[in-house]
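Note sheet for the following structure.
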Amino acid sequence: MKDMKKKLKLITSVGTLKHSIALHKSNLDRTFFHQRDEKECLTPTSLKASEEQEVQQNLEELWLEFEERSVAGGEDSVVFYTTSLRGVRKTFEDCRKIRYLLENHKVSFRERDVSMDCEFKEEMWRLLGEKVTPPRLFIKCKYIGGAEEVVALNEKGKLEKLLEGISSAGRSRQCGRCENERFLICWNCNGRSRVVAEDAGMWKRCGECNENGLVKCALCT
Ligand SMILES: [Zn+2]
Ligand SMILES: [Zn+2]
C-alpha cells in the first residue's frame, strides 16, 4: 500500500515535471517570439531606405545587361516581333510562348508580325544586324532576346522587373482600331495591293499598303 502511494506520487510528479517542462518550453518560445517581434518592430527606417536603394541599384544593373537599339515606337513600350506562319513549328511555338508570357504579365505590347509585312522583317533584321528569326523582344528600346533568353529571364523573376512601369492600361483585350488583327485592309486598293494607274490604265503597286494589301495598325504594331 505504501509502495502504491509512492508509485502514484512518482507518476504524478513525472506528470507534473512533464507539464512544467512543457510550460517552460512554451514560455521560452513565447519569449523568443516576443524578442523577435520586438526586433522586427525596432528595424530602423534608415535600413528600409537602404534596402530600397539596393533594389533600385539592382534594377539599374539589370538594365545594363541589355543593349540599346533604336526601335521605332519602342521608347516606352514593349515591341514584340513575331510570326503567325506555322511553317516552322519551333518558331511558331516560341512566338506563342513569348506572347503568352507578355499576356500573363498583363502589359500592353506592340506586336509586329513579320509574316504579314516584310517591312517588319527587314526592320527586325536591321535592328539585330543579321537575318534572325522571330520571336524577338524589345523593352524600352533594349534588346531582351529570343524565346530562350526571355523564358530564362521570366523564370528568374527578371522579366517582371524589366516590365515594371509598362502600362497595362492600353491592354484592353481589343485594340479599338483593328480589333487585335494588328492590320487593316487597305482603303486605297481594297486589299488588292494594286491599283489601276490613271494615265496608262494598267495595274500598278498600291502606294498605301504592304505586299498583302494590308495597312499596319498604328496603335498596336
Ligand atoms: Zn490595332
Ligand atoms: Zn493598298
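All values below were derived from every heavy atom in this structure, side-chain atoms included, with hydrogens, water molecules and symmetry-related copies excluded. Indexing begins at 1, ligand by ligand and atom by atom, following the structure's order.
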Between [X] and [Y] (salt bridge meaning N to carboxylate O under 4.0 Å), is one present in this structure?
X	Y	value
Arg99	Glu111	yes
Arg126	Glu122	no
Glu67	Arg69	yes
Arg96	Glu93	yes
Arg112	Glu123	yes

_Measuring centre to centre across the rings, with the benzene-like ring taken for any Trp, is Phe138 within less than 6.0 Å of Tyr143?_
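Judged by ring-centre distance (under 6.0 Å), Phe138 and Tyr143 do meet the cut-off.
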
*Using 2.8 Å as the cut-off, note every protein N, O or S atom close to the Zn ion (ligand 2).*
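Metal shell, protein only: Cys186 SG, Cys189 SG, Cys206 SG, Cys209 SG.
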
*Any luck finding a side-chain donor-acceptor pair between Ser84 and Ser115 under 3.5 Å?*
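Yes, a side-chain donor-acceptor pair sits under 3.5 Å.
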
*CZ/Arg86 to SG/Cys95 distance, rounded to the nearest 0.5 angstrom?*
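Output value for this atom pair is 11.5 Å.
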
*Report the protein N/O/S neighbours of the Zn ion (ligand 1) that fall below 2.8 Å; do not count waters.*
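Listed by chain and number, the atoms are Cys175 SG, Cys178 SG, Cys217 SG, Cys220 SG.
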
*Backbone of Trp63 reached by a side-chain donor or acceptor of Lys142 within 3.5 Å*: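 A pair under 3.5 Å: yes.
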
